[in-house]
Undergrad: 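First, the structure itself, so that you have it in front of you.
Proteins get letters first, then strands, A, B, ... in listed order; numbering begins at 1 in each. Since the structure is predicted, the reported quantities are computational estimates derived from the model, not experimental observations.
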Number of protein chains: 2
Amino acid sequence: MELQDASNALTALSQTSRLELFRLLVTSGDEGMPAGEISTALGIPKPTLSFHLKELSTAGLIAPERHGRSITYKINVDGIRSLMEFLTEDCCQGRPELCNISSTSSTSSNSLPTNLL
Amino acid sequence: MELQDASNALTALSQTSRLELFRLLVTSGDEGMPAGEISTALGIPKPTLSFHLKELSTAGLIAPERHGRSITYKINVDGIRSLMEFLTEDCCQGRPELCNISSTSSTSSNSLPTNLL
DNA sequence: CTGTTGATTCTATAAACATGGAATTACAAG
DNA sequence: CTTGTAATTCCATGTTTATAGAATCAACAG
């Protein structure tokens with residue numbers, strides 16, 4: 001993943017509505033969720049939501065799937081993983097201690113995963 | 001870390017110049033790097049760079065430190081960790097398989113940390 | 001106090017992004 | 001072919017963000 005791709009993915013996630021949307025889809029799993037349902041769930045008008053769905057899709061973080069007349073969106077695991085790999089190479093390889101949360105965190109480190117970034 | 005804080009941090013990283021800047025500071029370690037040096041290293045005019053430095057500082061990802069007449073910037077480990085924790089709770093708790101790169105990655109997975117997000 | 005250097009703030013301009021109503025497309029069923 | 005529903009695209013508007021020159025501020029040396 002190139003710097004520009006990572007930047008695009010981060011841009012897609014850098015907006016409150018889209019971050020909420022992303023979180024919703026992450027928890028909705030492989031079945032995903034149809035656009036209309038998302039619209040009512042998040043209280044976002046359909047045209048606005050459609051815009052955000054496209055942003056996340058273009059960034060490769062989610063993917064659409066038509067079922068009859070509704071279009072279901074689900075997370076794109078590979079896309080997410082690519083972003084994480086980029087950040088990992090970026091951050092961890094340069095400074096391993098940033099990734100190892102278990103030994104360094106002072107304030108809030110109860111039962112968190114061992115490696116973060 | 002709240003949704004808004006995470007969104008702010010992601011916004012700060014979602015711009016090519018700032019992502020490069022962040023990467024540079026990550027690799028520059030605890031000594032950090034004075035603004036002028038960064039300016040020439042990245043080829044960004046000082047006022048523009050100053051703007052980006054402020055964005056990353058406000059987001060809590062880097063921190064300034066004055067030494068004589070120069071101001072050195074270095075990464076803020078705690079801030080970075082907070083963001084990672086947020087993403088971890090967000091993403092991993094919902095779908096653990098997204099975080100476990102060791103078992104699933106196909107292309108570029110030699111000697112990477114076990115958990116990503 | 002004066003000059004010099006490192007850095008920021010001010011300011012104007014240009015570019016990109018977000019929002020949501022109106023119009024449109026896509027599909028299914030009668 | 002017509003109707004209804006799900007979703008998108010079109011478009012106008014308002015808001016935010018990026019850029020970089022000019023002016024300013026801060027620290028130190030003489």
Undergrad: Rounded to whole angstrom units, what separation is found between the CZ atom of A:R66 and the C1' atom of D:dT5?
TA: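 The distance from CZ of A:R66 to C1' of D:dT5 comes to 12 Å, rounded to the nearest Å.
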
Undergrad: To the nearest Å, give me how far apart CD1 (B:I71) and C1' (C:dG6) are.
TA: 8 Å

Undergrad: Give the C-alpha distance, both sets of side-chain angles, the deciding distance and a yes or no for side-chain contact (heavy atoms from CB on, under 4.5 Å) between B:T58 and B:N8.
TA: CA-CA 9 Å; B:T58 303; B:N8 289 344; over 6 Å; no

Undergrad: Does a side-chain N or O of B:K46 approach OP1 or OP2 of D:dG21 to a distance below 4.0 Å, or not?
TA: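 Looking at the OP1 and OP2 atoms of D:dG21, neither is under 4.0 Å from any side-chain N or O of B:K46.
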
Undergrad: Would you indicate what A:P45 reaches in the nucleic acid, counting non-hydrogen atoms under 4.0 angstrom: base, sugar-phosphate, or nothing?
TA: sugar-phosphate

Undergrad: Does the side chain of A:L25 come within less than 4.5 Å of A:L61's, by heavy atoms?
TA: no

Undergrad: Looking only at side-chain N and O atoms, does B:Y73 come under 4.0 Å of OP1 or OP2 in C:dT8?
TA: yes

Undergrad: Starting at CG of A:L42 and ending at P of C:dT19, how long is that distance when rounded to a whole Å?
TA: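 Answer to the nearest Å: 12 Å.
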
Undergrad: Do B:E37 and B:Y73 touch side chain to side chain, with heavy atoms closer than 4.5 Å?
TA: no

Undergrad: With a 4.0 Å cutoff (strictly under), does any side-chain N or O of B:R18 reach OP1 or OP2 of D:dA18?
TA: yes

Undergrad: Under 4.0 Å between a side-chain N/O of B:H52 and OP1 or OP2 of D:dT19, yes or no?
TA: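 Result: yes.
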
Undergrad: Evaluate the criterion side-chain contact (heavy atoms from CB on, under 4.5 Å) for residue pair B:F22 and B:H52; output intermediate values, then yes/no.
TA: CA-CA 10 Å; B:F22 178 76; B:H52 289 311; over 6 Å; no

Undergrad: Return the value, rounded to whole Å, for the distance between atom CD1 of A:I44 and atom C1' of D:dT8.
TA: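 About 16 Å, once rounded to whole Å.
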
Undergrad: I want to verify a distance call: between D:dT17, C:dT8, D:dT8, whose nearest atom is closest to the B:P47 side chain?
TA: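 Selected nucleotide: C:dT8.
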
Undergrad: Rounding to an integer number of Å, can you tell me how far B:E55 CD sits from D:dT16 P?
TA: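 Value for this atom pair: 13 Å.
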
Undergrad: Can you tell me how far P of D:dT19 sits from CG of B:L49, to the nearest Å?
TA: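 Atom-to-atom, B:L49 to D:dT19, this comes out as 11 Å.
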
Undergrad: Please examine the side chains of B:L13 and B:L56, heavy atoms only from C-beta on, and report whether any two atoms are closer than 4.5 Å.
TA: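 Heavy-atom side-chain distance check passes, below 4.5 Å.
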
Undergrad: Please determine if a side-chain N or O atom of B:Q15 lies less than 4.0 Å away from the OP1 or OP2 oxygen of D:dT19.
TA: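 Checking D:dT19 against B:Q15, a side-chain N or O does come within under 4.0 Å of OP1 or OP2.
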
Undergrad: Would you say a side-chain N or O of B:T48 is under 4.0 Å from OP1 or OP2 of D:dA18?
TA: no

Undergrad: Within this structure, what is the CZ-to-C1' distance between A:F51 and D:dG14, rounded to whole angstrom?
TA: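 Value for this atom pair: 14 Å.
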
Undergrad: Starting at the 5' end of DNA chain C, which residue's closest nucleotide do you reach first, B:L53 or A:T11?
TA: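 Result: B:L53.
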
Undergrad: Please determine, for the side chain of A:S70, which listed nucleotide (D:dA7, C:dT9, C:dA18) has the closest atom?
TA: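 For A:S70, the side-chain atoms sit closest to D:dA7.
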
Undergrad: Round to the nearest Å and state the distance from B:N8 atom CG to D:dT17 atom P.
TA: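 About 9 Å, once rounded to whole Å.
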
Undergrad: Please determine, for the side chain of B:R69, which listed nucleotide (D:dT9, C:dT5, C:dT9) has the closest atom?
TA: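 The listed nucleotide nearest to B:R69's side chain is C:dT5.
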
